Amino acid sequence: MKQILSLLIVATFFLASCKKEKKSDIVKEEHTKEITKSKETLKAESTHWTPRTKEEMVSMFKIEIFDNEALNVIDPNSKIEILASGFTWTEGPVWIKDGNYLLFSDIPNNKVYKLNAQRDTITYLHPSGISVDNFTGSESGSNGLLVDGEGALVLMQQGSRMVGKMKAPLSNPKPEYESLVNNYKGKKLNSPNDGAFDKTGNLYFTDPPYGLPLNLEDPTKELDFQGVYCLLTTGELLLLDATLKYPNGLCVSPDNSKLYVAVSNIENAAWYVYDIVEPGKVANKKVFYDANHFLQKEGYQGLPDGLKIAKNNYMFATGPKGVLIFNLKGKLLARIHTGQLTANCALGKEEKTLYMTAHNFILSVNLK
């Protein structure tokens, strides 16, 4: 009888254990499904999110302060303004100080627009990225825009898969370009995205696959990595990092000692920082700020993208919910809520204005 009772007790514990393990497996499986679903949802929202109306956006405008150090940079009561609208996907803004106007890309429409002080918007360049009519991708135009030391416009031309320079002067634009670089060791670049010059004119830039019709799986993709590069003033192209899946926005610190790179990777979203040992040589790669904790939060659309650093050593980085403000120690100080997926930003006259490219809008906010 005791043996039977013992067997019954053992059997009961065994069944209970099996049920517990089965329930645990079900919970684990459901949790995994939920994470996968969340990532798929976030990816869809980050790439195909429906733009908001002006009214919806304005209702969400807010400047959120996380640390009082942010008050050195921005007034929490500063007004966020809509300067222009009606585009498809705005990117790559650059302030032209000799003329007091803003240039920005509308990538799908293959155009660069000019926004003047009167808030008038005109087509500045068309085409801006590629002149081929049968281009099958959705991102044919230019992305990041820069002005070099000689006052020429430099464009990250996704459709043409090159870093190009406009042959005409800024005051008399023409869609005629010369290639500064279009390949690495004989293989075509993917689609140059964003760039920054250092003090001596060396150009750092990123080369993700976003301009290719089928992205990473595009049959015309010749490189098996997405690079971060430096184009030296001598014309030599140096590969700095080939390990990032989706390198995106990029910036050099005001003292030329650091390189910052945003990574728009749904699996590992972050900003990285490197020491610049010498032009075209970096070391000590570190995570500047990990954005993964935002990804499972409802309403936190957007991934690390364009960024700029002001002369006062504060960083403005587009990402989840708008524009994040950091000090260069990697501390998050504030967020500018734009109510829209926000791709990039630019500092205006005397760095007293921040311009933001937010989906199909151009926004601005005053800085201190």
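All values reported here derive from a predicted model rather than from experimental measurement.
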Could you list all the ring pair (Phe, Tyr, Trp, His ring centres under 6.0 Å) pairs where at least one residue sits in residues 58-79, not counting sequence neighbours?
-> none
For the pair Asp207 (side chain) and Ser191 (backbone), establish whether a donor and an acceptor sit closer than 3.5 Å, ignoring hydrogens and angles.
-> yes
Is a salt bridge present between Glu267 and Lys245, judged by a nitrogen-to-oxygen distance below 4.0 Å?
-> yes
Side chains of Asn215 and Tyr210 in contact at under 4.5 Å (non-hydrogen atoms) | yes
Can you tell if the side chain of Ile96 reaches within under 4.5 Å of the side chain of Val94, non-hydrogen atoms only?
-> yes
Minimal non-hydrogen separation, Ile63 against Pro76, with atom names | CB-O, 3.7 Å
Quick one: name the residues clustered hydrophobically with Val181, using the 4.5 Å side-chain heavy-atom rule over I, L, V, M, F, W, Y, and just say none if it's on its own.
-> Leu146, Val154, Met156, Val163, Leu180, Tyr184, Leu189, Phe197, Leu203, Phe205, Leu223, Phe225, Tyr229, Leu231, Leu237, Leu239
Sort out for me which residue in Thr357, Val323, Thr90, Ile336 forms a side-chain contact (heavy atoms from CB on, under 4.5 Å) with Thr342.
-> Val323
Side chain to side chain contact (heavy atoms under 4.5 Å, CB included) against Pro127, all qualifying residues, sequence neighbours excluded = Asn110, Ser131, Pro175
Any side-chain donor-acceptor pair under 3.5 Å between Thr353 and Ser364?
-> no
Crowded around Glu298 CD? As in, over 12 foreign heavy atoms under 6.0 Å?
-> no
List in chain and number order the residues that pass side chain to side chain contact (heavy atoms under 4.5 Å, CB included) with Ser160, two or more places apart in sequence or in another chain; answer none if no residue qualifies.
-> Ile130, Gln157, Met162
Can you list the residues that meet the ring pair (Phe, Tyr, Trp, His ring centres under 6.0 Å) rule with Tyr289, with sequence neighbours excluded?
-> His293, Phe326
According to the interplanar angle, ranging from 0 to 90°, do the rings of His359 and Trp89 count as parallel (below 30°), tilted (30 to 60°) or perpendicular (above 60°)?
-> perpendicular
Take Leu240 and Leu259 through the side-chain contact (heavy atoms from CB on, under 4.5 Å) test and state the conclusion after the steps.
-> CA-CA 10 Å; Leu240 308 184; Leu259 175 69; 3.9 Å; yes
Would you indicate whether the side-chain heavy atoms of Leu244 and Asn265 approach each other to under 4.5 Å?
-> no
Full working for side-chain contact (heavy atoms from CB on, under 4.5 Å) between Asn182 and Lys188 | CA-CA 6 Å; Asn182 58 21; Lys188 284 185 182 180; over 6 Å; no
Residues pairing under salt bridge (charged side-chain N to carboxylate O under 4.0 Å, His left out) where one sits in residues 211-230, two or more places apart or in two chains, turn out to be none
More than 12 non-hydrogen atoms from neighbouring residues, nucleotides or ligands closer than 6.0 Å to CG on Asp255, yes or no?
-> yes
Separation between NZ of Lys368 and NZ of Lys352, rounded to the nearest 0.5 Å = 10.0 Å
Measure across Ser142 and Leu155 and return the closest heavy-atom pair with its distance rounded to 0.1 Å.
-> CB-CD2, 3.9 Å
So the side-chain hydrogen bond (donor to acceptor under 3.5 Å, both in side chains) pairs with at least one residue in residues 321-334 (sequence neighbours excluded) are Asp67-Lys331, Glu69-Asn327
Would you indicate whether Glu278, at its atom CD, is surrounded by more than 12 heavy atoms from other residues, nucleotides or ligands within a distance under 6.0 Å?
-> yes
Here the gap from Met315 atom CE to Cys345 atom SG, rounded to the nearest 0.5 Å, amounts to 10.0 Å
Decide whether a cation-pi geometry holds between Arg335 and Phe294; the criteria are a distance under 6.0 Å from NZ or CZ to the six-membered ring centre and an angle within 45° of the ring axis.
-> yes
Taking C-beta and beyond as the side chain, do Leu83 and Leu102 meet within less than 4.5 Å on heavy atoms?
-> no
Nearest-0.5 Å distance that lies between atom OG in Ser105 and atom NZ in Lys111 = 13.0 Å
Do Trp271 and Tyr260 have side chains that get closer than 4.5 Å, going by heavy atoms?
-> no
Steps toward side-chain contact (heavy atoms from CB on, under 4.5 Å) verdict (Ile80, Thr338) = CA-CA 8 Å; Ile80 301 169; Thr338 62; 5.7 Å; no
CG of Leu341 to CZ of Arg52: how many Å apart, nearest 0.5 Å?
-> 8.5 Å
Taken in chain and number order and not counting sequence neighbours, the residues that satisfy ring pair (Phe, Tyr, Trp, His ring centres under 6.0 Å) with Tyr113 are Phe87, Phe104
Quick one: ring pair (Phe, Tyr, Trp, His ring centres under 6.0 Å) pairs with a partner in residues 329-349, sequence neighbours left out?
-> none
Under the salt bridge (charged side-chain N to carboxylate O under 4.0 Å, His left out) rule, what pairs show up with a residue in residues 70-82, not counting sequence neighbours?
-> Glu81-Arg119
Side-chain touch Asn256/Ile276, heavy atoms, less than 4.5 angstrom | no
Under the criterion side-chain contact (heavy atoms from CB on, under 4.5 Å), which of Asp198, Thr200, Asn202 is the partner of Thr233?
-> Asn202
Which pair of heavy atoms, one from Leu332 and one from Ala334, lies closest together, and at what distance?
-> CD1-O, 3.6 Å
Side-chain donor or acceptor of Ser128 paired with backbone N/O of Gly141 under 3.5 Å = no
Between the side chains of Thr88 and Asn109, does any donor sit under 3.5 Å from an acceptor?
-> yes
Do Pro208 and Asn248 have side-chain heavy atoms sitting under 4.5 Å apart?
-> no
Supply the atom-to-atom distance Leu103 CG to Trp95 CH2, rounded to the nearest 0.5 angstrom.
-> 10.0 Å
Heavy-atom side-chain contact between Asn143 and Pro192 under 4.5 Å = no
Could you walk me through whether Asn268 and Asn292 pass the side-chain hydrogen bond (donor to acceptor under 3.5 Å, both in side chains) check?
-> CA-CA 6 Å; Asn268 188 17; Asn292 288 299; 3.1 Å; yes
When rounded to the nearest 0.5 angstrom, what distance separates CG in Asp305 from CD in Glu91?
-> 5.0 Å
So which heavy atom on Cys251 is nearest to which on Lys308, and how close?
-> SG-CA, 3.9 Å
Over all heavy atoms of both residues, which pair between Ala168 and Asn172 is shortest? Give the atoms and the distance, please.
-> CB-O, 3.2 Å
Could you give me the CA-CA distance, side-chain angles and deciding distance for Thr318 and Met356, then say whether side-chain contact (heavy atoms from CB on, under 4.5 Å) is met?
-> CA-CA 9 Å; Thr318 60; Met356 298 163 280; 5.9 Å; no
Residues passing the side chain to side chain contact (heavy atoms under 4.5 Å, CB included) test with Asp194, sequence neighbours excluded, are Thr206, Asn344
Would you find more than 12 non-hydrogen atoms of other residues, nucleotides or ligands less than 6.0 Å from Lys297 atom NZ?
-> yes
Scanning both residues in full, the closest heavy-atom pair of Ala269 with Leu303 reads CB-CD2, 4.0 Å
Residue pairs passing the salt bridge (charged side-chain N to carboxylate O under 4.0 Å, His left out) test with at least one member in residues 232-241, sequence neighbours excluded, are Asp241-Lys285
